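Remember, it's 1-based here, ligands and their atoms both numbered in the order they're listed. Sequential numbering from 1 along the given sequence is applied to the chain's residues. These numbers were taken from a predicted model, which means no experiment stands behind them.
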Amino acid sequence: MNDPFGRTVDYLRISITDRCNERCLYCMPEGYKGWERTQEHLTAAEIIRLVRVAAGLGFRKIRLTGGEPLVRGDILEIARGVRDVPGVETIGLSTNGMKLAALAQPLRQAGVRTVNVSLDALTPEVYRRVTGGDVAKVLAGIRAAGAAGFERVKLNCVLMRHVNEEELWPLTRFAAEQGLPLRLIELMPLTTAEVLTEKNFLPCGEAMRLLAQKDELIPQPDPKLGNGPARYYLLKQTGAVVGFIGAMTNQHFCEQCNKMRLMSDGKIRPCLGNHGEIDLRAALRQNHDDDVLRQLFLEALRFKPLEHQFRHQFQPLRPMTAIGG
Ligand code: SAM
(Lines give C-alpha, C1' and ligand atoms only; values in the text may rest on other atoms or scores of the structure.)
Protein backbone atom coordinates (compact mmCIF):
# COMPACT_ATOMS: atom_id res chain seq x y z
CA MET A 1 0.00 0.00 0.00
CA ASN A 2 1.31 3.44 -0.86
CA ASP A 3 0.32 6.61 0.95
CA PRO A 4 -0.36 9.89 -0.88
CA PHE A 5 3.36 10.73 -0.66
CA GLY A 6 4.49 7.49 -2.29
CA ARG A 7 5.71 5.82 0.90
CA THR A 8 5.04 2.09 1.16
CA VAL A 9 3.11 1.39 4.34
CA ASP A 10 3.37 -2.25 5.42
CA TYR A 11 4.05 -2.07 9.15
CA LEU A 12 1.26 -2.12 11.73
CA ARG A 13 2.06 -1.46 15.37
CA ILE A 14 -0.71 -2.76 17.59
CA SER A 15 -1.12 -1.52 21.12
CA ILE A 16 -2.98 -4.32 22.86
CA THR A 17 -3.51 -2.48 26.14
CA ASP A 18 -3.06 0.99 27.59
CA ARG A 19 -2.09 -0.53 30.98
CA CYS A 20 1.47 -0.78 32.15
CA ASN A 21 3.32 -2.19 35.14
CA GLU A 22 5.78 0.73 35.04
CA ARG A 23 5.34 4.49 35.28
CA CYS A 24 7.87 6.02 32.91
CA LEU A 25 8.33 9.76 33.30
CA TYR A 26 8.07 10.32 29.56
CA CYS A 27 5.13 8.05 28.80
CA MET A 28 2.46 8.46 31.45
CA PRO A 29 1.64 11.75 33.16
CA GLU A 30 1.91 11.62 36.95
CA GLY A 31 -1.40 10.64 38.50
CA TYR A 32 -2.80 9.60 35.09
CA LYS A 33 -6.39 8.45 35.36
CA GLY A 34 -7.43 8.23 31.72
CA TRP A 35 -7.51 4.41 31.58
CA GLU A 36 -9.82 2.81 29.10
CA ARG A 37 -12.28 0.31 30.52
CA THR A 38 -11.14 -3.20 29.60
CA GLN A 39 -14.33 -3.71 27.58
CA GLU A 40 -13.05 -0.90 25.37
CA HIS A 41 -9.91 -2.88 24.55
CA LEU A 42 -10.06 -4.91 21.39
CA THR A 43 -10.41 -8.62 22.15
CA ALA A 44 -7.88 -11.14 20.87
CA ALA A 45 -10.36 -12.22 18.18
CA GLU A 46 -10.95 -8.60 17.10
CA ILE A 47 -7.21 -7.92 16.90
CA ILE A 48 -6.65 -11.04 14.81
CA ARG A 49 -9.53 -10.17 12.50
CA LEU A 50 -8.10 -6.68 11.92
CA VAL A 51 -4.66 -8.16 11.24
CA ARG A 52 -6.24 -10.45 8.64
CA VAL A 53 -7.82 -7.43 6.93
CA ALA A 54 -4.57 -5.46 7.17
CA ALA A 55 -2.52 -8.34 5.77
CA GLY A 56 -4.96 -8.58 2.88
CA LEU A 57 -4.16 -4.95 2.11
CA GLY A 58 -0.40 -5.51 2.20
CA PHE A 59 0.69 -5.11 5.83
CA ARG A 60 3.54 -7.56 6.37
CA LYS A 61 5.15 -6.57 9.67
CA ILE A 62 3.26 -6.52 12.94
CA ARG A 63 4.49 -5.25 16.30
CA LEU A 64 2.68 -5.95 19.55
CA THR A 65 3.10 -3.13 22.00
CA GLY A 66 1.25 -1.15 24.65
CA GLY A 67 1.10 0.15 27.45
CA GLU A 68 2.89 -3.03 28.37
CA PRO A 69 1.78 -5.91 26.15
CA LEU A 70 2.93 -8.58 28.61
CA VAL A 71 0.39 -7.52 31.24
CA ARG A 72 -2.34 -8.85 28.99
CA GLY A 73 -3.22 -12.41 30.00
CA ASP A 74 -4.02 -13.48 26.44
CA ILE A 75 -0.76 -12.24 24.88
CA LEU A 76 0.22 -15.73 23.69
CA GLU A 77 -3.19 -16.29 22.11
CA ILE A 78 -2.85 -12.96 20.29
CA ALA A 79 0.68 -13.76 19.09
CA ARG A 80 -0.32 -17.20 17.83
CA GLY A 81 -3.38 -15.81 16.06
CA VAL A 82 -1.35 -13.08 14.35
CA ARG A 83 1.37 -15.57 13.38
CA ASP A 84 -1.22 -17.71 11.60
CA VAL A 85 -2.59 -14.88 9.43
CA PRO A 86 -1.52 -15.43 5.81
CA GLY A 87 0.68 -12.59 4.61
CA VAL A 88 2.14 -11.69 7.99
CA GLU A 89 5.89 -12.06 7.60
CA THR A 90 7.13 -11.05 11.00
CA ILE A 91 5.89 -10.29 14.52
CA GLY A 92 7.88 -8.05 16.82
CA LEU A 93 7.20 -7.19 20.43
CA SER A 94 8.04 -4.06 22.43
CA THR A 95 8.25 -4.63 26.17
CA ASN A 96 9.67 -3.10 29.31
CA GLY A 97 11.02 -6.57 30.11
CA MET A 98 9.57 -6.80 33.63
CA LYS A 99 7.66 -10.00 32.80
CA LEU A 100 9.90 -11.23 30.02
CA ALA A 101 11.91 -13.77 32.03
CA ALA A 102 8.92 -16.10 32.30
CA LEU A 103 7.39 -15.30 28.92
CA ALA A 104 10.36 -15.20 26.53
CA GLN A 105 10.29 -18.89 25.61
CA PRO A 106 6.49 -19.16 25.19
CA LEU A 107 6.44 -15.94 23.14
CA ARG A 108 9.11 -17.31 20.82
CA GLN A 109 7.09 -20.51 20.45
CA ALA A 110 3.97 -18.45 19.76
CA GLY A 111 5.68 -16.91 16.73
CA VAL A 112 7.21 -13.66 18.01
CA ARG A 113 10.43 -13.22 16.06
CA THR A 114 12.00 -10.02 17.38
CA VAL A 115 11.89 -8.21 20.71
CA ASN A 116 12.69 -4.63 21.71
CA VAL A 117 13.30 -4.15 25.42
CA SER A 118 13.20 -0.70 26.99
CA LEU A 119 16.23 -0.09 29.18
CA ASP A 120 16.71 3.52 30.23
CA ALA A 121 19.38 2.93 32.87
CA LEU A 122 21.46 0.19 34.47
CA THR A 123 21.86 1.80 37.88
CA PRO A 124 18.91 0.46 39.91
CA GLU A 125 18.05 3.82 41.53
CA VAL A 126 18.14 5.67 38.21
CA TYR A 127 16.08 2.96 36.54
CA ARG A 128 13.52 3.17 39.34
CA ARG A 129 13.40 6.95 39.15
CA VAL A 130 12.68 6.90 35.41
CA THR A 131 10.31 3.93 35.26
CA GLY A 132 9.22 3.01 38.78
CA GLY A 133 10.38 -0.55 38.00
CA ASP A 134 13.07 -3.03 39.00
CA VAL A 135 16.03 -3.24 36.63
CA ALA A 136 17.04 -6.69 37.94
CA LYS A 137 13.82 -8.14 36.51
CA VAL A 138 14.48 -6.47 33.17
CA LEU A 139 18.01 -7.83 33.02
CA ALA A 140 16.67 -11.31 33.76
CA GLY A 141 14.18 -10.78 30.93
CA ILE A 142 16.95 -9.77 28.54
CA ARG A 143 18.93 -12.89 29.44
CA ALA A 144 15.84 -15.04 28.92
CA ALA A 145 15.22 -13.40 25.54
CA GLY A 146 18.82 -14.24 24.57
CA ALA A 147 18.26 -17.88 25.52
CA ALA A 148 14.87 -18.13 23.79
CA GLY A 149 16.37 -17.73 20.32
CA PHE A 150 14.61 -14.59 19.00
CA GLU A 151 15.93 -13.51 15.63
CA ARG A 152 16.79 -10.11 17.06
CA VAL A 153 16.70 -8.42 20.46
CA LYS A 154 17.25 -4.65 20.68
CA LEU A 155 17.51 -2.31 23.62
CA ASN A 156 15.72 1.06 23.67
CA CYS A 157 16.64 4.02 25.83
CA VAL A 158 14.83 7.37 25.91
CA LEU A 159 17.31 10.22 26.33
CA MET A 160 16.70 12.60 29.24
CA ARG A 161 19.20 15.25 30.20
CA HIS A 162 20.32 15.13 33.84
CA VAL A 163 18.29 11.96 34.30
CA ASN A 164 20.02 9.17 32.40
CA GLU A 165 22.85 11.01 30.62
CA GLU A 166 25.39 9.32 32.88
CA GLU A 167 23.93 5.93 31.99
CA LEU A 168 24.68 6.16 28.28
CA TRP A 169 28.20 4.83 28.39
CA PRO A 170 27.40 1.94 30.82
CA LEU A 171 24.40 1.07 28.63
CA THR A 172 26.58 1.10 25.52
CA ARG A 173 29.11 -1.23 27.11
CA PHE A 174 26.35 -3.50 28.36
CA ALA A 175 24.85 -3.66 24.87
CA ALA A 176 28.24 -4.56 23.43
CA GLU A 177 28.80 -7.30 26.03
CA GLN A 178 25.40 -8.76 25.28
CA GLY A 179 25.86 -8.38 21.51
CA LEU A 180 22.61 -6.38 21.25
CA PRO A 181 22.00 -3.11 19.37
CA LEU A 182 21.13 -0.14 21.58
CA ARG A 183 18.83 2.59 20.29
CA LEU A 184 18.85 6.04 21.82
CA ILE A 185 15.52 7.80 21.36
CA GLU A 186 14.89 11.51 21.59
CA LEU A 187 12.16 12.49 24.00
CA MET A 188 8.91 13.23 22.15
CA PRO A 189 6.07 15.34 23.58
CA LEU A 190 3.81 12.42 24.44
CA THR A 191 3.04 12.75 28.09
CA THR A 192 2.42 16.17 29.54
CA ALA A 193 3.99 19.09 27.74
CA GLU A 194 6.06 19.87 30.86
CA VAL A 195 8.19 16.76 30.43
CA LEU A 196 9.56 17.91 27.10
CA THR A 197 11.42 21.00 28.18
CA GLU A 198 14.72 22.49 27.15
CA LYS A 199 15.96 21.31 30.52
CA ASN A 200 15.08 17.62 29.95
CA PHE A 201 15.67 17.32 26.25
CA LEU A 202 18.91 15.64 25.21
CA PRO A 203 19.28 15.64 21.42
CA CYS A 204 20.79 12.68 19.58
CA GLY A 205 23.61 14.90 18.35
CA GLU A 206 24.72 15.52 21.89
CA ALA A 207 24.40 11.86 22.90
CA MET A 208 26.55 11.08 19.90
CA ARG A 209 29.19 13.58 21.04
CA LEU A 210 29.17 12.06 24.55
CA LEU A 211 29.81 8.59 23.12
CA ALA A 212 32.43 9.94 20.72
CA GLN A 213 34.48 11.05 23.76
CA LYS A 214 34.80 7.35 24.65
CA ASP A 215 35.02 5.57 21.31
CA GLU A 216 35.05 6.16 17.56
CA LEU A 217 31.63 6.05 15.88
CA ILE A 218 31.60 4.52 12.41
CA PRO A 219 28.36 5.07 10.44
CA GLN A 220 26.61 1.88 9.34
CA PRO A 221 24.82 2.79 6.14
CA ASP A 222 22.40 -0.13 5.91
CA PRO A 223 22.68 -2.43 8.89
CA LYS A 224 19.32 -4.17 8.24
CA LEU A 225 18.41 -3.83 11.85
CA GLY A 226 14.73 -3.24 11.53
CA ASN A 227 11.94 -1.20 10.05
CA GLY A 228 12.51 2.05 11.86
CA PRO A 229 14.12 5.43 11.33
CA ALA A 230 17.24 4.79 13.47
CA ARG A 231 20.66 5.79 12.15
CA TYR A 232 23.20 3.21 13.25
CA TYR A 233 26.87 3.46 14.20
CA LEU A 234 29.44 0.86 15.12
CA LEU A 235 31.66 1.84 18.04
CA LYS A 236 35.12 0.80 16.98
CA GLN A 237 36.68 -0.30 20.28
CA THR A 238 33.71 -1.65 22.22
CA GLY A 239 32.02 -3.22 19.18
CA ALA A 240 28.66 -1.76 20.28
CA VAL A 241 26.05 -0.99 17.63
CA VAL A 242 24.14 2.15 18.59
CA GLY A 243 21.15 3.56 16.72
CA PHE A 244 19.94 7.14 17.11
CA ILE A 245 16.24 7.92 16.74
CA GLY A 246 16.04 11.66 16.34
CA ALA A 247 12.33 12.32 16.00
CA MET A 248 12.78 15.94 17.04
CA THR A 249 16.06 16.96 15.43
CA ASN A 250 16.29 14.82 12.28
CA GLN A 251 14.44 16.79 9.62
CA HIS A 252 14.25 13.67 7.40
CA PHE A 253 12.69 11.54 10.14
CA CYS A 254 9.36 10.89 8.40
CA GLU A 255 10.62 10.41 4.86
CA GLN A 256 10.70 6.62 5.00
CA CYS A 257 7.80 6.17 7.44
CA ASN A 258 6.17 2.80 6.76
CA LYS A 259 3.83 2.50 9.73
CA MET A 260 0.36 2.94 11.08
CA ARG A 261 -0.75 2.37 14.64
CA LEU A 262 -3.77 0.47 15.89
CA MET A 263 -4.59 1.51 19.43
CA SER A 264 -6.04 -0.72 22.13
CA ASP A 265 -9.44 0.97 21.84
CA GLY A 266 -9.62 0.08 18.15
CA LYS A 267 -8.71 3.46 16.68
CA ILE A 268 -6.16 3.61 13.94
CA ARG A 269 -3.60 6.43 13.85
CA PRO A 270 -1.73 6.99 10.62
CA CYS A 271 0.91 9.08 12.43
CA LEU A 272 2.18 9.09 16.03
CA GLY A 273 2.63 12.86 16.03
CA ASN A 274 -0.74 13.85 14.64
CA HIS A 275 -4.14 13.66 16.32
CA GLY A 276 -5.99 12.16 13.35
CA GLU A 277 -7.64 8.81 14.23
CA ILE A 278 -10.21 6.53 12.62
CA ASP A 279 -12.42 4.23 14.66
CA LEU A 280 -12.39 0.58 13.62
CA ARG A 281 -13.94 -0.81 16.79
CA ALA A 282 -17.34 0.70 16.10
CA ALA A 283 -17.40 -1.00 12.69
CA LEU A 284 -16.21 -4.28 14.21
CA ARG A 285 -18.85 -4.23 16.93
CA GLN A 286 -21.63 -3.25 14.54
CA ASN A 287 -20.83 -6.45 12.63
CA HIS A 288 -19.81 -4.79 9.43
CA ASP A 289 -18.08 -7.03 6.95
CA ASP A 290 -14.39 -6.97 6.10
CA ASP A 291 -14.91 -4.67 3.17
CA VAL A 292 -15.98 -1.85 5.52
CA LEU A 293 -12.88 -2.46 7.65
CA ARG A 294 -10.71 -2.42 4.51
CA GLN A 295 -12.19 0.94 3.50
CA LEU A 296 -11.43 2.36 6.94
CA PHE A 297 -7.80 1.23 6.72
CA LEU A 298 -7.57 2.83 3.27
CA GLU A 299 -9.12 6.05 4.57
CA ALA A 300 -6.48 6.14 7.33
CA LEU A 301 -3.81 5.65 4.67
CA ARG A 302 -5.20 8.56 2.65
CA PHE A 303 -4.91 10.78 5.73
CA LYS A 304 -1.34 9.79 6.60
CA PRO A 305 0.37 13.17 6.89
CA LEU A 306 3.72 14.01 5.34
CA GLU A 307 5.33 14.47 8.74
CA HIS A 308 4.66 14.60 12.45
CA GLN A 309 3.70 17.79 14.28
CA PHE A 310 6.07 17.37 17.23
CA ARG A 311 8.09 20.43 16.31
CA HIS A 312 5.00 22.66 16.20
CA GLN A 313 3.91 23.15 19.81
CA PHE A 314 2.31 19.70 19.76
CA GLN A 315 -0.12 19.16 22.64
CA PRO A 316 -0.51 15.44 23.40
CA LEU A 317 -4.22 14.75 23.78
CA ARG A 318 -3.37 11.19 24.66
CA PRO A 319 -0.18 10.07 26.42
CA MET A 320 2.11 7.48 24.85
CA THR A 321 0.79 4.74 27.12
CA ALA A 322 -2.63 5.18 25.49
CA ILE A 323 -1.38 5.45 21.91
CA GLY A 324 1.18 2.67 22.01
CA GLY A 325 4.86 3.02 21.31
N1 SAM B 1 5.94 -0.96 27.54
C2 SAM B 1 6.65 -1.29 26.33
C3 SAM B 1 8.06 -0.76 26.36
O4 SAM B 1 8.49 -0.29 27.42
O5 SAM B 1 8.75 -0.87 25.36
C6 SAM B 1 5.96 -0.87 25.06
C7 SAM B 1 5.35 0.48 24.98
S8 SAM B 1 6.46 1.84 25.11
C9 SAM B 1 5.30 3.15 24.93
C10 SAM B 1 7.33 1.76 23.58
C11 SAM B 1 8.51 2.67 23.44
O12 SAM B 1 8.09 4.00 23.46
C13 SAM B 1 9.54 2.50 24.53
O14 SAM B 1 10.81 2.27 23.96
C15 SAM B 1 9.50 3.84 25.21
O16 SAM B 1 10.72 4.10 25.77
C17 SAM B 1 9.08 4.77 24.09
N18 SAM B 1 8.49 6.04 24.54
C19 SAM B 1 7.46 6.22 25.36
N20 SAM B 1 7.20 7.53 25.56
C21 SAM B 1 8.11 8.21 24.84
C22 SAM B 1 8.38 9.59 24.64
N23 SAM B 1 7.66 10.54 25.24
N24 SAM B 1 9.39 9.92 23.82
C25 SAM B 1 10.12 8.97 23.22
N26 SAM B 1 9.93 7.65 23.37
C27 SAM B 1 8.94 7.26 24.17
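The contact set between ligand 1 and Thr65, taken as ligand atoms under 4.0 Å from a residue heavy atom, comprises 6 (C), 7 (C). In summary, the atoms of ligand 1 found under 4.0 Å from a heavy atom of Leu187, numbered by their order in the structure, are 24 (N). Atoms of ligand 1 found under 4.0 Å from any heavy atom of Glu68 (numbered from 1 in listed order, with element): 1 (N), 2 (C). Near Glu186, meaning under 4.0 Å from any of its heavy atoms, are these atoms of ligand 1: 24 (N), 25 (C).
The residue from Val242, Asn164, Ile245 that alone fulfils the side chain to side chain contact (heavy atoms under 4.5 Å, CB included) condition with Leu184 is Val242. The one candidate from Arg285, His41, Arg281 that meets the side-chain hydrogen bond (donor to acceptor under 3.5 Å, both in side chains) condition with Glu46 is Arg285.
For Arg161 and Asn200, the side-chain atoms include no donor-acceptor pair closer than 3.5 Å.
Counting protein heavy atoms only, atom 16 (O) of ligand 1 is closest to Val158 CG2, 3.1 Å. When only non-hydrogen protein atoms are considered, atom 11 (C) of ligand 1 lies nearest to Gly325 CA, 4.2 Å. In this structure, atom 15 (C) of ligand 1 lies nearest to the protein heavy atom Tyr26 CE1, 3.9 Å. When hydrogens are left out, the protein atom nearest atom 5 (O) of ligand 1 is Ser118 OG, 2.8 Å; that is the closest non-hydrogen contact. From the protein, the heavy atom lying nearest to atom 19 (C) of ligand 1 is Met320 CG, 3.3 Å. The protein heavy-atom contact nearest to atom 24 (N) of ligand 1 is Met188 N, 2.9 Å.
In this structure, Phe314 and His275 have parallel ring planes: the angle between them is below the 30° cut-off, well short of the 60° mark.
If you look at Thr95 next to ligand 1, the close heavy atoms, those under 4.0 Å, all belong to the backbone.
Between the Arg7 side chain and the Asn258 main chain, no donor and acceptor come within less than 3.5 Å of each other.
A salt bridge does not link Lys267 to Glu40: none of the charged nitrogens lies less than 4.0 Å from a carboxylate oxygen.
Under the 6.0 Å cut-off for aromatic ring centres, Phe244 and Tyr233 qualify, their centroids lying closer than that.
Applying the 6.0 Å contact sphere to CZ of Arg173 captures no more than 12 heavy atoms from other residues, nucleotides or ligands.
Ranked by closest heavy atom to atom 1 (N) of ligand 1, the top entry among Gly67, Ser15, Gly133 is Gly67.
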